[in-house]
Amino acid sequence: MNPLRDTRDARLPRVAGPCAVVLFGVTGDLARKKIMPAIYDLANRGLLPPGFGLVGFARREWADEDFAQEVHDSVREHARTPFREEVWRQLSQGIRFVAGDLADPQAFDRLRETVHSLDAERGTLGNHAFYLSIPPGLFPTVVSQIQQAGLAKKPPGAWRRVVIEKPFGHNLASAEELDRVLADVFAPDEIFRIDHYLGKETVQNILAVRFANEMFEPLWNSRYVDNIQITQAEDIGIGGRAGYYDGIGAARDVIQNHLLQLLALTAMDEPLSFDPRQVRQEKEKVLAAVTVPRDIDLHTARGQYATGWQGGVPVFGYLEEPGIPADSTTETFAAIRVDIDNRRWAGVPFYLRTGKRLGRRVTEVAVVFKRAPHLPFASTSVQELSDNALVFRIQPDEGITLRFGSKVPGVSAMEVRDVTMDFQYGDSFVDTSPEAYERLILDVLLGDPPLFPQAREVDLSWRILDPVLDRWSESGRPATYASGGWGPASAYEMIARDGRTWRRP
Amino acid sequence: MIRLEDTSGHDIAAAIAHERHRMGSPTTGMVLSLLILTDETYQADATAAAVASAREHPMRILTLIPRPGGDIGRIDADISVGGDDGPGEVAVMRLRGDRSDHANSVVIPLLLPDTPVVTWWPGTAPVSLAADPIGSHAGRRISDVSTLAEPIEGLRIRRDNYQPGDTDLSWTRLTGWRSTLAAVLDRPVGDVHSVTVTAPVNNPSAVLLAAWLAWALDIPARLVPGSGPGLNAVALSIDDGTIELARPDGRMATLRMPGVPESPIALPRRTIADLIAEDLRRLTPDEIYAEALAAIDRVDIG
């Protein structure tokens with residue numbers, strides 16, 4: 001117990017202990033745009049320990065300095081906090097590079113020697129996190145190399161952790177296979193699966209709003225809630241990610257992880273405490289209660305964006321994107337209805353939708369309430385009144401919107417129309433608050449797991465999605481939809497069948 | 001910016017509300033009211049620092065400048081709302097003549113309803129922050145003894161009159177040092193026997209840092225003179241030798257400890273805006289500050 005750490009001392013930040021991060025896939029987009037800048041930002045905020053090392057591994061003929069220059073460039077371009085020479089000096093002292101092929105055992109021997117010498121030179125005390133920012137097909141190779149080189153063996157008192165990014169498999173069977181590969185070498189609490197949505201302040205705020213207040217939770221059930229709509233829309237196409245995206249599609253890319261996690265946080269019961277185990281238990285319970293409709297065709301929709309116009313600019317269709325086969329059946333829009341079979345949510349449909357090249361970039365969770373059972377006004381007075389709604393705006397324009405009916409000012413008859421009440425995080429919320437990756441990487445280094453889904457949550461998500469994906473795979477090509485809109489006609493039809501409509505986000 | 005001459009607290013409140021409506025956004029999401037009580041020397045810098053930290057904490061900033069003397073008793077105010085300066089609302093008020101004794105009555109109609117109030121004295125502060133009429137509105141009261149001619153005496157006054165909710169920027173300035181030292185002691189280093197802090201004489205932050213270590217580690221602490229800027233070094237003596245965190249230039253520190261390679265640590269001095277932003281993050285009593293303050297007599301200030 002460190003006498004300088006007093007639980008009453010709210011000013012002292014949580015600082016990671018001495019450790020080294022070994023980064024595989026240093027030349028990838030994610031490493032350059034997110035991971036390396038986030039590590040710098042953590043250092044700049046004073047959250048990395050004096051003994052910190054960053055080891056890059058790639059098939060490049062680089063010396064330590066070349067890799068350091070690479071990190072430097074990515075930090076200059078993508079870090080959120082200002083560049084400070086002294087912070088860079090501190091960080092760059094611990095940067096090392098190991099050149100080699102992932103399949104080459106000798107390269108991993110060199111890696112072992114590098115991290116060991118880092119332990120001595122920088123005092124990282126034998127604590128190592130392996131960050132696999134590489135395609136999942138390579139995980140088995142890397143994990144077994146790590147084991148064979150003896151890198152997974154830890155001295156007494158030290159820790160080993162492995163960090164992986166989505167996709168966590170492409171269906172239940174492959175996710176379980178991935179679990180087996182990792183479990184051979186790492187214990188469940190040493191495996192950190194990054195779903196960067198869970199690192200977002202606005203996502204964590206869902207739990208704060210629900211469980212820190214008295215005024216929302218009593219309404220949070222089928223008696224008052226009519227339906228819940230969770231939307232993640234992007235206005236861009238697949239960009240340069242053809243190789244990753246084709247064959248994966250919108251449902252695997254977004255619904256399986258981000259949207260089902262948002263659903264879990266929105267629908268779960270109150271955990272006994274914010275202890276990671278308790279939160280996980282409640283999320284698993286609600287995910288286990290999720291069911292998909294019997295007739296999948298009627299209650300789901302998928303589509304591919306077509307050539308067209310978006311915001312006044314001409315854009316390619318999905319099949320015309322470079323690297324996409326002309327007969328691809330990969331969906332770029334996916335919408336599904338799910339239900340939750342428990343007392344709280346029986347009869348409340350949850351609509352999940354995601355897509356590329358939609359009207360605007362937005363992620364939100366909308367809780368749509370039932371209409372008042374009786375309206376003591378003339379029917380003409382409330383024509384303009386729609387359903388009450390509470391909307392968590394996850395990004396951009398982070399905040400909360402509450403929509404309700406209010407009197408139209410004036411001396412004529414009583415007229416009621418919708419008004420919205422907005423809570424907005426401070427203007428520069430986006431600049432000052434830590435990026436999701438900062439939070440998550442710090443949590444990895446601290447060994448703090450509440451924001452990381454474990455194998456069972458991932459498996460439960462695939463169990464929900466697998467029947468939908470199976471049905472889609474035998475149904476031919478998805479319909480096309482116009483770029484810049486809100487998806488294919490089938491999306492409107494599926495929700496109209498339930499007598500409801502999508503919110504325009 | 002709007003200038004109101006010979007005005008009152010009520011008119012200033014109405015002018016702020018009017019300006020909000022004119023901009024089309026009557027709801028604002030303000031989280032607190034910040035009262036800055038100051039003379040002309042500090043008012044511009046303090047207000048600017050508060051405006052900068054309003055980006056993190058949207059707030060109503062009320063700067064009060066008493067201008068006693070003269071025959072004419074009147075209040076003049078400069079008001080700005082939102083815009084390029086950030087999301088905050090700012091009113092800088094000069095209380096002239098007999099009005100200078102009645103800052104409290106000016107402030108009451110200007111406080112945001114049912115949100116926390118923080119008072120900040122960038123220069124001279126009253127003997128008891130909590131008992132002061134302006135301080136009595138606030139759950140958090142911020143002084144800065146480093147601006148005084150006798151800062152160490154200032155610390156003693158703060159100690160003798162401490163009430164929960166008080167804090168001082170000379171304590172806030174230490175967070176980087178304290179965080180680094182705590183990280184150092186996260187490693188197993190054995191018992192710490194004594195501490196020496198090197199800093200320019202009369203540096204209140206150095207006294208508080210030494211006092212904090214004396215209290216937390218229950219060890220003797222002493223100061224030795226340094227050349228600045230700000231704190232220069234902290235040395236902890238342990239069984240194997242000395243752990244030293246030295247910052248000769250006010251920016252870059254070096255950590256030396258037995259058996260571990262020397263490492264550079266960025267430890268830059270921070271702006272007032274950064275300090276205020278940190279202080280506004282938590283409005284609960286600063287209990288560790290109280291512990292350090294109570295221990296200042298344990299420090300041998302040489």
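Residue numbering restarts at 1 for every chain, and letters A, B, ... go by the order of the sequence lines.
- Here the side chains of B:Met252 and A:Gln90 are in contact, with some heavy-atom distance below 4.5 Å.
- The minimum heavy-atom distance linking B:Pro264 with A:Gln93 is given by the pair CG-CG, 3.5 Å.
- Using a 4.5 Å cut-off between heavy atoms, A:Ala120 touches chain B through its backbone atoms (N, CA, C, O) alone.
- Neither the backbone nor the side chain of B:Thr284 comes within contact range of chain A; no heavy atoms are under 4.5 Å apart.
- The side-chain heavy atoms of B:Leu213 and A:Leu4, taken from C-beta on, include a pair separated by under 4.5 Å.
- Around NE2 of B:His193, the count of heavy atoms belonging to other residues, nucleotides or ligands within 6.0 Å exceeds 12.
- Ranking B:Thr180, B:Thr175, B:Leu255 against chain A, the residue ahead of the rest is B:Thr175, based on heavy-atom pairs under 4.5 Å.
- Residue A:Pro49 does not touch chain B at all, counting heavy-atom pairs closer than 4.5 Å.
- Contact of A:Asp6 with chain B is made through the side chain alone, with heavy-atom distances under 4.5 Å.
- Between B:Leu174 atom CG and A:Leu12 atom CG the span is 10.5 Å, to the nearest 0.5 Å.
- Here A:Arg11 contributes atom CZ and B:Asp286 contributes atom CG; the two are 4.0 Å apart, rounded to the nearest 0.5 Å.
- Around NZ of A:Lys153, the count of heavy atoms belonging to other residues, nucleotides or ligands within 6.0 Å does not exceed 12.
- B:Leu185 touches chain A through backbone and side chain together, each having a heavy atom under 4.5 Å away.
- When A:Asp9, A:Val87, A:Leu47, A:Leu125 are compared by the number of non-hydrogen pairs under 4.5 Å with chain B, A:Asp9 comes out ahead.
- Heavy-atom neighbours of B:Arg251 CZ from other residues, nucleotides or ligands within 6.0 Å: at or below the threshold of 12.
- Scanning all heavy atoms of the two residues, the minimum distance from A:Pro50 to B:Arg187 falls at CB-NH2, 4.2 Å.
- Side-chain atoms of A:Glu86 and B:Leu267, non-hydrogen and from C-beta on, never get closer than 4.5 Å to each other.
- Interface remark: of the candidates B:Val260, B:Leu181, B:Asp186, B:Asp218, B:Asp186 forms the most heavy-atom pairs closer than 4.5 Å to chain A.
- If you tally non-hydrogen atom pairs under 4.5 Å between each of B:Ser179, B:Ala216, B:Ala182 and chain A, the highest count goes to B:Ala182.
- The distance from the CZ atom of A:Arg122 to the CD atom of B:Glu262 is 10.5 Å, given to the nearest 0.5 Å.
- Both the backbone and the side chain of A:Arg89 have a heavy atom closer than 4.5 Å to some heavy atom of chain B.
- Interface residue B:Thr167: only side-chain heavy atoms are found under 4.5 Å from chain A.
- Ranking A:Gly399, A:Gly123, A:Gly94, A:Ala16 against chain B, the residue ahead of the rest is A:Gly123, based on heavy-atom pairs under 4.5 Å.
- For B:Arg178, the parts lying under 4.5 angstrom from a heavy atom of chain A are both the backbone and the side chain.
- Neither the backbone nor the side chain of B:Arg281 comes within less than 4.5 Å of any heavy atom of chain A.
- In A:Arg14, the CZ atom is crowded: over 12 heavy atoms of neighbouring residues, nucleotides or ligands sit closer than 6.0 Å.
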